[in-house]
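A quick note: this is a predicted structure, and the numbers were derived from the prediction, not measured.
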Amino acid sequence: MKSDIVKKGIERAPHRALFKAMGYTDEEINRPLIGVVNSKSEIVPGHIHLDKIAEAVKAGIRMAGGTPIEFGAIGVCDGIAMGHVGMKYSLATRELIADSCEAMGLAHNFDGMVFIPNCDKIVPGMLMAARRINVPSVVISGGPMLSVKRNGNYLDFNSVMEAVGAYKVGKMTEEEVGDFENHACPGCGSCSGMFTANSMNCLTEVLGMGLPGNGTIPAVYAERIRLAKMAGMKVMELVEKDIKPSDILTPEAFENALAVDMALGCSTNSVLHLPAIANEAGVEMNLDIINEISGKVPNLCKLAPAGPHHVQDLYMAGGVQAVMKELTKKDLIHKDLITVTGKTVGENIEKAQVTDRGVIKSVEEPYSQTGGIAILKGNIAPDGAVVKRSAVAPEMLSHRGPARVFDTEDAAIQAIYSGKINKGDVVIIRYEGPKGGPGMREMLGPTSAIAGMGLDKDVALITDGRFSGASRGASIGHVSPEAMEGGPIAAIREGDIISIDIPNGKLNAEISDEEIKARMAEWKAPQPKITGGYLGRYARLVSSASTGAVLK
């Protein structure tokens, strides 16, 4: 066993003494030692209940003959961090989570590991660590929050965000906003739409690192606890068979993930996280590869914010496995890949079926013949930009309008709330990228304000930062190179005409290359907003969004 290095032989008597100081018996020490990484906290609704998930995981490990050893991991709540300096830390914590899990896993030589994340950055951070540590591992999430019906509408976190914009233009009263506030998030779990957390939990299942149901079984269902026990038992089987993340996270597994990403209409943040995980696995993934797969995979689901359904509906309709089986009809899924079930993808999906065609369309009659995410390029974004095509109103797929330029998210949202943005405008928010932010803030505030004001079919947003998975409308993010690195988005001036052509993957300012060069010749990089602490260090080391914003 790998853990023998910390427990076997007379030379390890001091090590065993430390185990015994914690109450471990000889029998427990002699069993396979399984690290259980629990990101439970009292600041994230998706994580508030993870103590229950961890207890179930540990029960499963013990039932299967192992010794679970739990330790903690951090996690930022993107919703609570939204709209202020806290959001600068959100994406940056992905690397902290990966680094700290790696340190704990390798320092203590566990025989296997179970990772318990649920929300946004925690999921990819743990997947990155799993590949680095490379011992038999299972990821088990805490599950999605329920969406409940209120006055005829199913609510979610984004409903409250958009309610603020509606209030600002007199479409809702303060009392109505308060009603949303009190009922939109009814309990524990990751926010209920196909936002970033649920996107990554579903894609974990597709990658083969999570058991079937990992992405969709609601947090409050007993089935989630049973799945956690199964995860604990399954890791012991993986230890016995020596099936490691390096066996699972293959190039073909990432192709499967991208295909389901497009079919589900996942968060644009998946275009940051999948390349970062692939980077750990030594698998090449770039925006061109993503665009190629998007071009041939049909969009089968419109989950919030793209449509009325929530993750609980996807669960009832057959879940991720049913979506994968549907895609096999067009040979879009590699079926012979090993997964944490110990079986292949094909064996996992053999009995899956779609039970609600209102939620999961057929490949013959999809919402669109192309995927939910599109990559745009042009003189604003030579290296690419990302948009959740499935959440864009048809009338905004092609748009032309004057640039309204802001150098911070705060300035942009102040202008939006003050009624200074007009129909047809293209809001440019720059110096919010990985380096410029620093930290590449999510901008659910501006997008939800515009949607709440009823302008999502009239106003586009373009940024070198990123948008929440809850954002809808023509919200184009990840513009690369970013302004802080001298990307041409830094050359855009108030009133420049911006042309957006999502069907053809184009994003351009209607100015000549010579004019852009002349403007950039006069450009000087602004002083970094933060130079000290972790964010200062992050800003100096982080790469472009087009390569996953990984640290160099």
Side-chain angles (χ1 to χ4, degrees), residues 90-99 102 117 120-132 139 196-197 199-204 206-209 245-246 248-262 264-295 297 334 371-377 381-389 433-435 437 439-440 442 464-467 469 476-482 485 487 505 538 541-552:
S90 174
L91 178 61
T93 61
R94 185 187 70 187
E95 319 314 305
L96 283 175
I97 292 160
D99 290 350
E102 172 199 350
D120 295 35
K121 260 46 80 232
I122 300 92
V123 182
M126 288 189 175
L127 283 166
M128 291 162 71
R131 180 58 186 86
R132 289 184 199 172
V139 177
T196 305
S199 294
M200 293 312 301
N201 284 323
C202 287
L203 296 181
T204 297
V206 181
L207 283 168
M209 289 296 295
S246 57
I248 296 171
L249 294 174
T250 63
E252 294 78 15
F254 285 98
E255 290 177 11
N256 282 355
L258 284 173
V260 176
D261 190 340
M262 301 307 162
L264 287 176
C266 288
S267 164
T268 52
N269 285 316
S270 64
V271 179
L272 281 175
H273 299 319
L274 286 176
I277 302 162
N279 179 65
E280 300 291 344
V283 173
E284 181 184 2
M285 183 185 294
N286 56 44
L287 295 186
D288 291 334
I289 293 170
I290 293 168
N291 218 26
E292 178 186 345
I293 292 177
S294 179
V297 178
H334 301 282
I373 290 175
I375 307 299
L376 312 181
K377 290 189 176 183
D383 292 344
V386 183
V387 64
K388 189 169 184 173
R389 172 168 42 196
K435 285 185 180 295
M440 203 180 183
E442 279 189 349
D464 55 5
R466 62 197 177 96
F467 293 113
I476 300 166
H478 307 199
V479 168
S480 300
E482 63 174 291
E485 290 193 313
Y538 179 86
L541 297 174
V542 71
S543 70
S544 168
S546 62
T547 55
V550 296
L551 297 187
K552 297 174 184 175

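The shortest side-chain heavy-atom distance between Asp464 and Glu485 does not fall under the 4.5 Å cut-off. The shortest distance between side-chain heavy atoms of His478 and Met440 falls below 4.5 Å. Here the side chains of Leu127 and Arg131 are not in contact, with every heavy-atom distance at 4.5 Å or above. Here the side chains of Asn201 and Val123 are in contact, with some heavy-atom distance below 4.5 Å. Counting heavy atoms from C-beta outward, Arg94 and Ile97 have side chains that stay 4.5 Å or more apart. Side chains of Glu95 and Met128 form a contact here, defined as non-hydrogen atoms less than 4.5 Å apart. Between Thr268 and Arg466 the shortest side-chain heavy-atom distance does not fall below 4.5 Å. Contact check for His334 versus Thr250: no side-chain heavy atoms found under the 4.5 Å cut-off.
Considering every non-hydrogen atom in both Leu203 and Ala257, the closest pair reads CD2-O, 3.4 Å. Closest of all the heavy-atom pairs between Leu249 and Val283 is O-CG2, 4.2 Å. Contact between Asn286 and Ile289 at its shortest, heavy atoms only, is OD1-N, 2.9 Å. Of all heavy-atom pairs spanning Gly439 and Leu91, the tightest one is O-CB, 3.6 Å. The minimum heavy-atom distance between Ser270 and Asp261, with the atom names listed, is OG-OD2, 2.6 Å. Between Phe254 and Ala281, the closest heavy-atom pair is CE1-CB, 4.1 Å.
When atom types are taken as modelled, the side chain of Arg389 and the backbone of Gly371 share a donor-acceptor pair closer than 3.5 angstrom. For the pair Ser294 (side chain) and Ile373 (backbone), a donor-acceptor distance under 3.5 Å is present.
Atoms CD1 and CG, from Ile277 and Leu274 in turn, are 5.5 Å apart once rounded to the nearest 0.5 Å. Atom-to-atom distance recorded for Leu287:CG and Leu376:CG is 10.5 Å, nearest 0.5 angstrom. Atoms CG and CD, on Asp120 and Glu442 in that order, are 5.5 Å from each other to the nearest 0.5 Å. Once rounded to the nearest 0.5 Å, the distance linking CG of Asn269 with OG of Ser199 reads 8.5 Å. Taking CG of Leu207 as the reference point, atom SG of Cys202 lies at 11.5 Å (rounded to 0.5 Å). To the nearest 0.5 Å, the span separating CD1 on Ile122 from CG on Leu96 amounts to 11.5 Å.
Remark: Lys388 pairs with no residue by the side chain to side chain donor-acceptor pair (under 3.5 Å) rule, at least two apart or across chains.
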**Request:** Mind running side chain to side chain contact (heavy atoms under 4.5 Å, CB included) on Arg132 and Asp99 for me, showing each step along the way?
**Result:** CA-CA 9 Å; Arg132 289 184 199 172; Asp99 290 350; 2.8 Å; yes
Checklist entry - Is there a salt bridge (Lys or Arg N to Asp or Glu O under 4.0 Å) between Lys377 and Asp288 once you walk through the steps? => result CA-CA 10 Å; Lys377 290 189 176 183; Asp288 291 334; 3.0 Å; yes
Run the side-chain donor-acceptor check on residues 544-552: report pairs under 3.5 Å with partners two or more places apart or on a different chain.
unit_1, atom_1, unit_2, atom_2, d
Ser544, OG, Ser480, OG, 3.3
Ser544, OG, Ser546, N, 3.1
Ser544, OG, Ser546, OG, 2.9
Thr547, OG1, Ser543, OG, 3.1
Thr547, OG1, Ser544, O, 3.0

